[in-house]
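Lettering follows sequence order; numbering is per chain, from 1. No hydrogens, no waters, no symmetry mates; every other heavy atom, side chains included, goes into these values.
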Amino acid sequence: MARLYAKGRVTGFKRGKRNQRVHTSLLQIEGVANQEEAQFYLGKRVAYVYTAQKAIGGSKVRIIWGKISRPHGNSGLVRSKFRQNLPAKAFGASVRVMLYPSTI
Amino acid sequence: MARNQDVAPHVGKLSRSALFAKKGLYKRKFDGKPAAEAPAAAPKEKKIGGKANGSSRLIPAIRAPKFYPSEDVKAPKISRKANGGKTSTKLRSTITPGTVLILLAGRFRGKRVVFLNQLESGLLLVTGPFKVNGVPVRRVNQAYVIATSTKVDLAGVEVDAKFNDAYFTKAATSKRAGTEAAFFKDGEKEKKEFPADKAADQKSLDKQVIAAIKKTPNLDKYLGATFSLTNGQFPHLLKF
């Protein structure tokens with residue numbers, strides 16, 4: 001199957017030094033180096049895909065869907081909100097940044 | 001004379017009905033016909049003396065105002081209540097009839113298809129063509145599509161008006177009236193045959209589109225190929 005998503009990594013939760021806001025996750029998208037480039041991905045849907053032991057609806061693959069909401073900082077990181085907050089074990093894990101809703 | 005006052009910008013002190021009563025609009029008859037325009041008074045020609053002044057001048061019947069307010073007059077807010085509250089979906093400027101689109105989601109994700117026109121509902125009417133890449137004439141949402149710069153010249157192609165939103169809506173399935181016999185069947189699903197008239201519609205539409213595609217070398221192969229991202233390709237840097 002062809003890849004129709006950009007690859008990204010979950011770097012952590014939005015946080016200050018001593019408090020973290022688990023409702024917002026930070027994503028690093030491959031190839032995005034600054035805030036200008038990150039503008040393309042705003043609003044795009046994101047999928048955190050993982051597997052589990054128990055098959056639900058015939059599949060062991062599970063997805064937590066989310067959206068990229070805004071850029072984070074100057075270096076191309078991006079903030080995102082998921083339908084369920086991401087589990088902390090997702091840090092460093094891959095995330096799929098879909099190309100829709102498309103504006104081009 | 002102004003009959004209402006503003007409590008805040010665009011918010012009047014009197015309600016719609018109170019204003020109606022105050023203005024005495026019950027006295028007026030509205031018949032839906034626009035008021036007949038008074039014929040514009042013709043400009044007068046005036047003779048002027050002097051050699052170098054031209055012999056005559058045209059003087060307008062209504063003079064230009066002596067006073068102009070220093071601030072612009074505010075335009076009234078555009079009401080969204082017209083047309084039953086429905087606003088037409090704006091079509092992206094990059095999408096024109098004949099544009100090759102990449103489908104991003106759904107059964108045919110990755111396929112390159114030809115855009116035909118936008119339907120009443122705002123969805124895009126699209127076809128593979130079917131022979132080229134297996135995508136039938138279908139509706140697709142703008143948000144799930146990337147418009148490429150490749151265009152097919154659909155100048156001679158006429159898209160039948162029968163392809164409207166009603167053509168694509170699923171036929172209402174009859175309510176299950178507790179048919180136990182059907183419930184306890186083998187579990188085999190009866191495969192419905194694709195309606196022959198729809199297949200014929202597809203063929204007649206695609207015949208024209210394929211003729212337009214054949215004019216450009218390799219365009220049919222391009223449409224048959226599926227789009228995919230590879231390592232080192234980043235969507236924000238790609239020029240579609």
Notebook entry, point to check: If you measure from OH on B:Tyr144 to CE on A:Met98, what distance do you get to the nearest 0.5 Å?
Noted result: 10.5 Å
Notebook entry, point to check: Given side chains that start at C-beta, do those of B:Leu104 and A:Ser102 come closer than 4.5 Å, heavy atoms only?
Noted result: yes
Checklist line | Pairwise distance NE2(B:His236) to CD1(A:Ile29) - rounded to 0.5 angstrom | finding: 8.5 Å
Notebook entry, point to check: Any idea which of B:Asn141, B:Ile95, B:Ile102, B:Asn231 has the most non-hydrogen atom pairs under 4.5 angstrom with chain A?
Noted result: B:Asn231
Margin query: Could you walk me through whether B:Ile146 and A:Leu99 satisfy the side-chain contact (heavy atoms from CB on, under 4.5 Å) test, starting with their C-alpha distance in whole Å, then the side-chain angles of each, then the deciding distance to 0.1 Å, before giving a yes or no?
Written below: CA-CA 9 Å; B:Ile146 289 182; A:Leu99 296 175; 4.2 Å; yes
Next item on the list: Report yes if the side chains of A:Phe40 and B:Pro235 come closer than 4.5 Å at any heavy-atom pair, otherwise no.
Entry: yes
Check: Of the backbone (N, CA, C, O) and the side chain (C-beta and beyond), which part of A:Tyr100 lies under 4.5 Å from a heavy atom of chain B, both, or neither?
Finding: both
Checklist line | Contacting region of A:Val32 [heavy-atom separation from chain B under 4.5 Å] | finding: both
Next item on the list: Quick one: closest heavy-atom pair of B:Gly110 and A:Leu4, and the distance?
Entry: N-CD1, 3.4 Å
Notebook entry, point to check: Is a donor on one side and an acceptor on the other found under 3.5 Å between the side chain of A:Arg3 and the backbone of B:Thr230?
Noted result: yes
Checklist line | B:Leu237 vs A:Glu37 side-chain heavy atoms within contact, under 4.5 Å | finding: yes
Next item on the list: Let me know if A:Tyr5 has heavy atoms under 4.5 Å from chain B in its side chain, its backbone, both or neither.
Entry: backbone
